[in-house]
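Written below as structure tokens is the structure these notes are about.
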Amino acid sequence: MSAASRSTNSVLYPSRDWFAAWQERTGEQPPDFAALPSMPDLPPLLQFQDGRPVRWPSDWDSRRAEIRVLLEHYFWGRLPDEPPRLQKAEVLAEEHERAVIRRSIALTFATEPVVQITIETMTPDSGGPFPLFLTQTTHRVWAVMAVSRGYMACVYPACDEDDQSARFVEVYPECDWTTIPRRAWLAGRALDYLLTLDEVDGERVAITGHSRNGKQSLIAAAIDERITSVVSSSSGAAGASPYRFTSEREFLESVETTTWMCPDWFHPRLRFFTGREDRLPMDTHGYLALIAPRACLLSTALNDGCESTFAVERAYLAAQQVY
């Protein structure tokens with residue numbers, strides 16, 4: 001191997017015990033970076049991995065599936081092939097106040113071992129069916145605001161303070177999914193129940209979240225086409241901000257510091273691309289491609305220290321071609 005090839009394939013990330021242990025356990029080695037083309041701008045969404053263009057709408061399903069595979073491989077880890085069957089829904093508590101019915105509901109899934117999660121719903125006491133508003137426990141106040149504006153709201157347990165998605169890890173030992181994608185997947189388990197209700201307008205299903213929950217909201221919409229609109233608030237790197245355009249300046253959310261400080265958020269394989277973000281075969285603008293043509297709002301702020309508005313703009317412009 002030439003000196004140039006050795007340089008291209010050398011790793012640039014500092015050693016971390018957890019990462020070395022993962023490599024030893026899995027046998028995973030860095031990719032051949034010399035064989036991965038350098039793409040300083042975002043990988044084209046309307047071009048297959050082998051270079052063929054997506055010419056017709058009939059081509060898109062195949063390219064969409066290819067993007068999903070790349071995102072699972074480099075960012076999310078493998079997700080379950082099929083959702084678990086909902087076995088039972090039990091109302092644990094119900095309150096009726098100020099024209100709103102609030103329920104705490106236990107959802108039990110036919111898994112091995114059996115898994116139960118608890119969601120909260122808020123429903124106007126007259127009219128319907130209502131558009132559905134989904135968010136995480138952290139943002140419960142947003143659900144209260146939504147129901148005051150005519151939505152049915154659901155708070156599902158997928159955030160740092162209330163993460164019941166981990167209960168499914170034992171059920172799917174073949175999946176190497178990580179925390180944020182797993183939480184995104186849990187939104188679909190709440191939907192499995194909610195879409196059986198007469199009060200829900202299944203044609204209007206929105207999801208939102210802020211920061212790391214903004215990341216998972218984008219992923220939830222990307223993997224579950226029953227979600228018809230998503231609002232991602234300041235989702236930052238590995239959210240609306242592709243890693244090609246983020247760095248230590250954006251709240252330390254480079255590939256290196258994200259995988260060091262929050263190693264459970266995304267797949268360890270991502271860490272190989274520290275300093276080689278330009279060789280990622282897919283970046284997070286792929287989320288937006290999977291969401292298209294459904295409604296997607298990327299909320300960012302000029303003075304937000306945790307994401308680059310330039311990065312969000314690049315993702316938006318790339319995804320606009322798919323829309």
Side-chain angles (χ1 to χ4, degrees), residues 8 31-83 177 181 184-185 188 202-207 215 217-232 235 237-246 255 266-267 269-270 272-273 276-298 300 308-323:
T8 301
D32 181 2
F33 291 112
L36 295 175
S38 172
M39 292 180 281
D41 206 347
L42 295 173
L45 296 170
L46 296 180
Q47 179 178 300
F48 289 96
Q49 284 295 100
D50 62 8
R52 290 179 297 120
V54 176
R55 295 186 182 278
W56 310 104
S58 57
D59 295 335
W60 175 242
D61 285 345
S62 297
R63 175 55 175 161
R64 190 179 189 279
E66 188 175 67
I67 291 171
R68 167 78 181 253
V69 168
L70 291 170
L71 289 171
E72 287 200 23
H73 185 75
Y74 292 106
F75 287 89
W76 304 340
R78 180 181 172 185
L79 302 176
D81 294 329
E82 297 291 339
W177 49 353
W185 179 86
E203 300 299 315
R204 294 185 291 170
V205 177
I207 191 168
K215 302 183 206 297
S217 295
L218 283 175
I219 297 169
I223 64 178
D224 196 327
E225 295 184 59
R226 298 174 299 178
I227 296 171
T228 59
S229 61
V230 56
V231 179
S232 176
S235 57
S241 296
Y243 269 124
R244 278 169 169 78
F245 306 122
T246 61
V255 168
F266 292 98
H267 199 280
R269 195 174 288 121
L270 179 63
F272 287 136
F273 290 86
R276 302 196 190 283
E277 294 84 355
D278 61 307
R279 295 182 187 270
L280 272 167
M282 181 51 57
D283 216 319
T284 59
H285 64 314
Y287 299 0
L288 311 183
L290 297 188
I291 293 168
R294 291 164 288 148
C296 177
L297 174 64
L298 305 177
T300 186
S308 161
T309 52
F310 173 76
V312 175
E313 181 182 44
R314 295 304 299 164
Y316 162 76
L317 292 173
Q320 197 174 50
Q321 298 174 34
V322 180
Y323 276 82

*Set of salt bridge (Lys or Arg N to Asp or Glu O under 4.0 Å) partners for E203, sequence neighbours left out*: none

*Would you say the side-chain atoms of T284 pair up with the backbone N or O of A240, donor to acceptor, closer than 3.5 Å?*
no

*Residues L218, C296; criterion side chain to side chain contact (heavy atoms under 4.5 Å, CB included); working and verdict*: CA-CA 9 Å; L218 283 175; C296 177; 4.0 Å; yes

*D61: what forms a salt bridge (Lys or Arg N to Asp or Glu O under 4.0 Å) with it, not counting sequence neighbours?*
none

*asked:* Walk me through whether I67 and L290 qualify under side chain to side chain contact (heavy atoms under 4.5 Å, CB included).
replied: CA-CA 8 Å; I67 291 171; L290 297 188; 4.0 Å; yes

*Can you name the residues that form a salt bridge (Lys or Arg N to Asp or Glu O under 4.0 Å) with R226, not counting sequence neighbours?*
D192, D224

_Any donor-acceptor pair under 3.5 Å from R244 side chain to M39 backbone_ = yes

_Y323 side, atom OH; L288 side, atom CG - distance, nearest 0.5 Å_ = 6.5 Å

*Who pairs with A206 by side chain to side chain contact (heavy atoms under 4.5 Å, CB included), at least two apart in sequence or on another chain?*
S229

_Residues V255, L270; criterion side chain to side chain contact (heavy atoms under 4.5 Å, CB included); working and verdict_ = CA-CA 7 Å; V255 168; L270 179 63; 4.1 Å; yes

_Sequence neighbours excluded - side-chain hydrogen bond (donor to acceptor under 3.5 Å, both in side chains) pairs with any residue from residues 38-47_ = S38-D278, D41-R314

*Begin with the C-alpha distance, continue with both residues' side-chain angles, and end with the deciding distance and a verdict on side chain to side chain contact (heavy atoms under 4.5 Å, CB included) for L46 and R55.*
CA-CA 8 Å; L46 296 180; R55 295 186 182 278; over 6 Å; no

Enumerate donor-acceptor pairs with a distance under 3.5 Å from any side-chain N or O in residues 75-83 to protein atoms, sequence neighbours excluded.
residue : atom : partner : partner atom : Å
W76     : NE1  : Y287    : OH           : 3.4
R78     : NH2  : D81     : OD2          : 2.8

*Pick out which of F266, F33, Y243 makes a ring-ring contact (aromatic ring centres under 6.0 Å, His included) with F273.*
F33

